[in-house]
Amino acid sequence: MTAPIRTAPSVFALSVRGATKRFGAVVALDGVDLHARRGEVVALLGDNGAGKSTLIKCITGVLRLDAGTVEMDGRPVDAGSPAAARALGIETVYQDLALFDNLDPAANFYAGREMTVPRWLPRGLRLVRRRAMAQATENVLRRLAVGVPDLGAAVGLMSGGQRQAIAVARAAAFATNVVILDEPTAALGVRESRHVLDLILRLRTEGVAVIVVSHAMDHVMEIADRAVVMRRGRTVGELVPRPENREQIVSLIVGGAG
Amino acid sequence: MASDAAERDAPSGAPAVSRGPGSPSRRRDRALPRVGLRALRVGPGLMLLIVVLAAAALSPVFLTTRNLGNVLSQTAVIAILALAQLLVIVTRGIDLSVGSTLALAAVVGALVFESVPSGAGAILAMLATGTAVGLVNGAVLVWGRLPHPFIMTLAMLSIARGLALWLSGGQPISGMPEVVQTVGGGTIGWLPYSAFLVAGLALVTLLLTRSMVWGRWIFAVGGNPDAARRAAIPVNAVLISVYVLSGLAAGIAAIVNAGRLNGGSPTFGELAELDAIAAVVIGGASFHGGRGHVGNALVGALMIGVIRNAMNLLDVNAFLQPIVIGIVIVIAVELDVVRERLEERLRVLQAARS
């Protein structure tokens, strides 16, 4: 893994400006701005249909923006495909986790980007460096304090919280710029959520920008340095979540008088 | 796959029962499914051992080298088809066309040998025919967006058999080059050449699945196709490749079959696809994809061969054979179901512990 690159905090690791996306007559994104610094957890809030998922998909190369720019460290980039986004150092933890239940943690980490020899062969025909991948995976899991009972066991044998933690750790291992988490605690119980929230807080020290999409207000209050609220495809508010302004955030989300 | 933790838990679980209050029963709860899992994972090998021991006990002829050579020779075709069928099934697919493809390849090989009396020509013709059929299977499946490989390969089962009958005029064509006859029917000592061929192919398949990137992609695609796409794994190419390999295996099996019988016939390989699928299923591969082992697929093929051979030796009514094979399939898959339930239980226990 490359060492995290630390830049001046004034430069945003990720900057989305004027993002616009239409599906036919429906305007899903209408000039949205979103900025995230390294070492910062930004919560992306909004009710269903507010445009959060569309925005995330545009950042991760699943969809293309109709208008607007995406900049990383101040330079405009074009993530035209999920693979391109990965190459730019953007990693996503999808709600369905996108884990391979039949494979062990190391194979999950390196699926599609295996450590291989020899280099002169076409990629598919190369041999995998199983031990090196297992070692690197173990190091990442230890650094992030993710407890896995058995590193040789298939991920499908693990609990929901452990699976979530492995998906997050996988993103952290390869992200050099941005980690995006889509509803990371939605499927988890109280104790398991606790572990994953702690893990997200630890991501901050990895030197990446963390964007969390979540409906769980308590979790947002706890981990987010900043909250960006979307409604009907626009950014309608940006504030530091505190217990005092919880009501304000909720009313921004639902579009009440507040 | 067998975990270190299971090895540690298994011996310590039993004495813990008498050691003290509280934890012991929980420890045993945890150890039991793990020990059970380990037993089930070696299950197919254990079943084969039992079948072999039973055959040896019941028939004095079974363990003679001549008979064992026979078993290996008769099992070669199923084993070759099963190795490739395993890869297909790991991707959540199925290839029903291999028996017909075998017949088509053998007929094409015999026709080529009739016009050009060269060993290499006949062999290449059979391999190329199988590969071409596999390529069509994979390409139409992926780009034609057929809902399930069952449909494409079922259609190909019919098409390839029809082509074989048409090309041959429905008659067997006799004559195969020396080299093909040797591969199919020759022996080194009491060991048939085809057994060495099977062993070699098994080693190649093992290397592919365990050590090569492409093989890992096959398992990733079977485990979670959507995640594989998002991980930039070339899912379509992987899918096509397993059907091409399955077709190629049918071509190789055609060489063995045609060599043993010194000719090509449109009736070769009837129901061979079902034998191959049965071998893979007995070997514990899951139709849900992502799971299967080369050694176990071979064990499955051998199990079918040994059961048939033993029942012949024991003069059991021939009509009983398919019934017994059917029962073995059910037992093997039942073990697979039990294993999945045990794994589910392990997961619950781990969630409770974390």
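Heavy-atom basis, side chains included; hydrogens, waters and symmetry copies ignored. Just so we're clear, the structure is a prediction, and the values are computed from it rather than from any experiment. Note on naming: letters A, B, ... go to the chains in the order of the sequence lines (proteins, then strands), and numbering restarts at 1 for each one.
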B/Phe150 CZ: over 12 foreign heavy atoms closer than 6.0 Å: no
B/Arg341: side-chain hydrogen bond (donor to acceptor under 3.5 Å, both in side chains) partners, not counting sequence neighbours: none
Gap between atom CG of B/Asp226 and atom OH of A/Tyr94 - 0.5 Å precision: 10.5 Å
Structural part of A/Asp96 lying under 4.5 Å from a heavy atom of chain B: side chain
Leading residue by heavy atom contact count with chain A [cutoff under 4.5 Å; candidates B/Gly222, B/Ala220, B/Ala232]: B/Ala220
Check: B/Phe219 main-chain N/O paired with A/Asn102 side-chain donor or acceptor under 3.5 Å: yes
Under 4.5 Å from a heavy atom of chain B, the part of A/Leu99 involved: backbone
Side-chain heavy-atom pair B/Met212, A/Val128 within 4.5 angstrom cut-off: no
A/Arg130 side chain to B/Arg210 backbone, donor-acceptor under 3.5 Å: yes
Heavy-atom neighbours of B/His288 NE2 exceed 12 at 6.0 Å: no
Residue B/Ala237 versus chain A: region with a heavy atom under 4.5 Å: neither
Which of B/Ser241, B/Gly289, B/Gly223, B/Ser286 touches chain A most, by non-hydrogen pairs under 4.5 Å: B/Gly223
A/Arg86 to B/Arg230 - nearest heavy-atom pair and separation: NH1-O, 3.5 Å
Euclidean distance, B/Ile233 CD1 relative to A/Arg123 CZ, rounded to 0.5 Å: 9.5 Å
Residue among A/Gly189, A/Ala98, A/Gly124 with most heavy-atom pairs under 4.5 Å to chain B: A/Gly124
